[in-house]
Amino acid sequence: MNIDGKIIGDNEYSSVLTASSLKGTNIINNKGENLGELKDLMIDLLSGNIAYAVVSFGGFLGMGNKLFAMPWEAFVVDEMKEKLVANIDKEVLENAPGFDENNWPKKPTRDFISQVHSHYGYKPYWDRDRDHFTKGRQSNEADISTTRAYGKSGF
């Protein structure tokens with residue numbers, strides 16, 4: 001992913017940040033529209049993945065804000081501007097299912113997390129992980145077949 005021509009992962013950008021340093025970060029979209037701020041990150045304790053980000057949006061001076069769950073994959077961290085950039089239209093967020101500050105999902109189920117990811121056009125992390133594993137496995141099987149057919153590893 002790149003921002004202003006810089007590739008995430010080069011020396012100018014960090015690939016690891018503390019969750020607490022991201023909390024409260026302003027969120028904009030590619031059009032520069034304000035989408036709120038990062039309230040928190042929800043971690044899947046079994047897999048270690050970020051299940052979703054909690055975004056605070058709407059209201060006035062922090063009053064009447066609604067919270068929304070968004071897939072972490074929807075964000076890019078722009079360290080130069082100290083913002084999160086989400087590649088979504090403001091209307092998509094406005095029409096997303098949300099919850100209020102005092103009524104967070106108690107035990108988010110996979111169905112809830114799937115719906116969150118689907119609303120924004122992303123696969124849930126467990127499907128991506130499985131796809132990644134399957135692709136890696138298919139690639140390894142092809143390498144093994146090539147090795148068996150030609151008697152060498154190709155290195």
Visitor: Under 3.5 Å, is there a donor-acceptor pair between the side chain of Ser118 and the main chain of Ser114?
Guide: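 Checking the backbone N and O of Ser114 against the side chain of Ser118, no donor-acceptor pair under 3.5 Å is found.
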Visitor: Measuring only between side-chain heavy atoms, which start at C-beta, is Val55 closer than 4.5 Å to Glu37?
Guide: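 In short, these two side chains do not touch, never coming nearer than 4.5 Å.
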Visitor: Taking the side chain as every heavy atom from C-beta outward, state whether Leu41 and Lys23 have any pair of such atoms under 4.5 Å apart.
Guide: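 No, side chains not in contact.
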Visitor: Within a strict 4.5 Å, meaning less than it, do heavy atoms of the Lys83 and Val77 side chains meet?
Guide: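 Of all side-chain heavy-atom pairs linking Val77 with Lys83, none is under 4.5 Å.
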Visitor: Are Ile50 and Met42 close enough that some pair of their side-chain heavy atoms sits under 4.5 Å apart?
Guide: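 Side-chain contact under 4.5 Å: no.
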Visitor: Please check if the side chain of His119 supplies one atom and the backbone of Leu93 the other of a donor-acceptor pair under 3.5 Å.
Guide: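 It does not hold such a pair.
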Visitor: What are the two closest heavy atoms between Ala69 and Val116, and how far apart are they?
Guide: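 Scanning both residues completely, I find the closest heavy atoms to be O-CG1, 3.4 Å.
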Visitor: Which heavy atom of Ile27 sits nearest to which heavy atom of Ala86, and what is that distance?
Guide: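 That closest heavy-atom pairing would be CG2-CB, 4.3 Å.
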Visitor: What is the minimum heavy-atom distance between Pro108 and Pro105, and which atoms define it?
Guide: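 Scanning both residues completely, I find the closest heavy atoms to be CD-O, 3.9 Å.
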Visitor: About how many Å separate OG of Ser56 and CG of Asp100, when rounded to the nearest 0.5 Å?
Guide: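 Nearest 0.5 Å value for the CG-OG distance: 11.0 Å.
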Visitor: Any salt bridge between Lys66 and Glu101, counting N to O under 4.0 Å?
Guide: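 The answer is no: the pair does not qualify as a salt bridge.
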Visitor: Applying the ring pair (Phe, Tyr, Trp, His ring centres under 6.0 Å) test to Tyr52, which of Tyr120, Trp72, Phe112, Tyr122 qualifies?
Guide: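 Of all the options given, the one that passes is Phe112.
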Visitor: How far apart are the closest heavy atoms of Ile88 and Leu35, and which atoms are they?
Guide: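 Answer, listing the atom of Ile88 first, then Leu35: CG1-CD1, 3.8 Å.
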Visitor: Go through the steps to decide whether Lys81 and Asn26 satisfy the test side-chain contact (heavy atoms from CB on, under 4.5 Å), and finish with yes or no.
Guide: CA-CA 10 Å; Lys81 295 179 182 172; Asn26 289 326; over 6 Å; no
Visitor: Classify the ring geometry between Trp126 and His117 as parallel (under 30°), tilted (30 to 60°) or perpendicular (over 60°).
Guide: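 Correct class here is tilted.
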Visitor: Do Pro71 and Tyr125 come close enough that some side-chain heavy atom pair is under 4.5 Å?
Guide: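 No. Closest side-chain heavy atoms not under 4.5 Å.
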Visitor: Can Leu67 and Phe57 be said to form a side-chain contact (heavy atoms from CB on, under 4.5 Å), step by step?
Guide: CA-CA 6 Å; Leu67 301 179; Phe57 174 74; over 6 Å; no
Visitor: ring-ring contact (aromatic ring centres under 6.0 Å, His included) between Phe68 and Phe99: does it pass, once the steps are laid out?
Guide: CA-CA 6 Å; Phe68 298 90; Phe99 46 97; 7.8 Å; no
Visitor: Using a 4.5 Å cut-off on heavy atoms from C-beta on, say whether the side chain of Glu82 contacts that of Thr25.
Guide: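 Side chain of Thr25 against side chain of Glu82, heavy atoms only: no contact under 4.5 Å found.
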Visitor: Please answer whether the main-chain N or O of Glu91 pairs with a side-chain N or O of Asn95 as donor and acceptor at a distance below 3.5 Å.
Guide: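 Yes; judged by distance alone, with no hydrogens or angles, the pair exists.
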Visitor: Please tell me whether Asn49 and Asp44 have a donor and an acceptor in their side chains that are separated by less than 3.5 angstrom.
Guide: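 Not at all, the side chains of Asn49 and Asp44 share no donor-acceptor pair under 3.5 Å.
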Visitor: Answer yes or no: is there a donor N or O on one side and an acceptor on the other, between the side chain of Asn29 and the main chain of Gly32, under 3.5 Å?
Guide: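 Answer holds: yes.
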Visitor: Indicate the atoms forming the closest heavy-atom contact of Leu17 with Ser21, along with that distance.
Guide: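 Distance-wise, the nearest heavy atoms are CB-OG, 3.9 Å.
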Visitor: Measure the shortest side-chain to side-chain distance between Leu84 and Leu38 over non-hydrogen atoms and say whether it is less than 4.5 angstrom.
Guide: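 Side chain of Leu84 against side chain of Leu38, heavy atoms only: contact under 4.5 Å found.
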